[in-house]
Amino acid sequence: MKYLSSLKNEDLAGKICLLRIDFNIEKAELAGAKNHPRLASVLPTIEFLTKKGVKVVILSHRGRPGKVSSIKYQVSSYTLKPFADILSKELVQKVNFMANFNFSEIRGEIKKSKPGSIFLLENLRYFEGEEKNDKNFAKRLASLGDFFVNDAFSVSHRANASVAAITEFLPSYAGFQLEKEIKNLSIAIKKPLVVILGGAKISDKIGLLKNFMAEADYFLIGGGMAHNFLLAQGLPIGNSIFEEKTIGFAKKMLKNRKVILPADYVIKDRKILDIGPKTLEKYSEIIKNAKTIIWNGPMGYFENPKFAKGSEEIAKAIMANKKAFSIIGGGETTSLMSKVKCQKSNVFLSTGGGAMLEYLAGKKMPGIEALNK
Ligand code: ADP
Ligand code: MG
């Protein structure tokens, strides 16, 4: 793999870099870059490039908007336009938003621009070719630049044109954040290994359970995931969130002694919204003795401070264990950490959720494989 950091002493002035980052963030307009770990994490790569006089063309997606013909640009939660303003403020530099995909026009604008200029293309998933990893689409994108940098770890488990196929047409590098992710997530796992799983995207996390079954010593379950286990035991969950398709798997897991379920819950309006105090005591004790900790998925509906205690106490227990190396990932899980003020060298905050889980599980990731070729 080639790293962008290896170009520190190269003269790149006037070159055009296609930079893939991940702006697939809900309500980021409200957060601003500094408050959002995934946004903050890409600023060093952009600054490095612009300081070298590289023209930066940012590629991203946001949500699944469907085909270009069926969508009105810039409406809804699909447009990337707000990110041009967020980045402009953060970088104190204009970020030119390219609202349409007129490639010859875009090429002209880039050519006219000064070294160090920044462009942001509209949501690439307006093109079908993006998610199909289509070579022709990748080639058209590649025609806009001189080299490609992937700094979007959180989409590197997707075979998408702007992540994978594009590397066939341009010299390609891993950006600073992607480099950090790869190095931190490749650590040797020391035992006991404690894996903490919660959140709402249950099937993503079930994958980790399967993949770490042999290696992990404990799985501490919380969040929506726990409700699936309650259902598997035939217990009622009222109006709590759950996921139908993974109940069968939860049933199989019930007999596994590594899988630890909450002992109590915080309930409101027939909904389980957090784990309870007995659970916290039990989980904190297990966390205390861990040598490696992996956490993905909040323990409850933490966006409401009334139900944040479970997640915050778990965060504190992790930080209190100075013997362990801890990996925490996921969009919501890491934004939760920014509230708890995490300043510890042996905690790595990954920008990936699903991607982190796949990487840790040793799966081959299309975006990373593409850079290895
Ligand atoms: P991540 O983004 O960290 O990978 P997920 O996207 O899987 O995590 O899930 C995060 C969401 O799960 C949060 O918005 C949180 O409110 C929600 N959540 C966790 N537990 C519950 C619960 N018991 N009831 C409702 N929502 C929950
Ligand atoms: Mg999420």
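We count ligands from 1, going down the list as the structure has it; atoms in each ligand are counted the same way.
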*Who's the nearest protein heavy-atom neighbour of atom 2 (O) of ligand 1, and how far?*
Glu332 OE1, 2.6 Å

*Is the number of heavy atoms from other residues, nucleotides or ligands under 6.0 Å of Phe212 CZ greater than 12?*
yes

*Checking Lys183 against Tyr3: charged group under 6.0 Å from the ring centre and within 45 degrees of the axis?*
yes

*Close approach, Gly353 and ligand 1, non-hydrogen under 4.0 angstrom*: no

*Taking the six-membered ring of Phe219 as reference, does the NZ or CZ atom of Lys210 fall below 6.0 Å from its centre and within a 45° cone about the axis?*
no

_With heavy-atom distances below 4.0 Å as the criterion, list the atoms of ligand 1 near Gly223._
20 (N)

*Taking atom 9 (O) of ligand 1 as the reference point, the nearest protein heavy atom with its distance*: Ala200 N, 2.9 Å

_Check for me whether Gly224 has a heavy atom closer than 4.0 Å to any atom of ligand 1._
yes

*asked:* So, of the N/O/S atoms that Glu332 has, which is the nearest one to the Mg ion (ligand 2)?
replied: OE1

*Tell me yes or no: between the side chains of Ser156 and Arg20, is some donor less than 3.5 Å from an acceptor?*
no

_Before you tell me yes or no, could you show the steps for Ser284 and Glu313 under side chain to side chain donor-acceptor pair (under 3.5 Å), namely the whole-Å CA-CA distance, both residues' side-chain angles and the distance that decides it to 0.1 Å?_
CA-CA 8 Å; Ser284 300; Glu313 292 297 318; over 6 Å; no

_Sub-4.0 Å atoms of ligand 1 with respect to non-hydrogen atoms of Gly199_ = 7 (O), 9 (O), 12 (O), 19 (C)

_For Lys191, is there an ion pair with Asp217 - N to carboxylate O distance below 4.0 angstrom?_
yes

_Would you say the rings of Tyr173 and Phe148 are close, in the sense that their centroids are separated by under 6.0 Å?_
no

*Say whether, by atom type as modelled, one donor and one acceptor occur between the side chain of Asn346 and the main chain of Phe325 under 3.5 angstrom.*
no

*Considering heavy atoms of the protein only, find what lies nearest to atom 16 (O) of ligand 1 and give residue, atom and distance to 0.1 Å.*
Glu303 OE1, 2.5 Å

*Run down the list Lys205, His227, Lys271, Lys201 and name the one with the heavy atom closest to atom 8 (O) of ligand 1.*
Lys205

*Over all heavy atoms of both residues, which pair between Ala370 and Thr167 is shortest? Give the atoms and the distance, please.*
CB-OG1, 3.4 Å

*Could you find the nearest protein heavy atom to atom 25 (C) of ligand 1 and give me its residue, atom name and distance?*
Ile241 CD1, 3.7 Å

*Look at atom 3 (O) of ligand 1 and say which protein heavy atom is nearest, naming residue and atom and giving the distance to 0.1 Å.*
Thr333 OG1, 2.5 Å

*Would you indicate which of Gly352, Gly331, Gly300 comes nearest to atom 21 (C) of ligand 1 when only heavy atoms are counted?*
Gly300

*asked:* Can you report which non-hydrogen protein atom sits closest to atom 24 (N) of ligand 1, along with the distance?
replied: Ile272 O, 3.6 Å

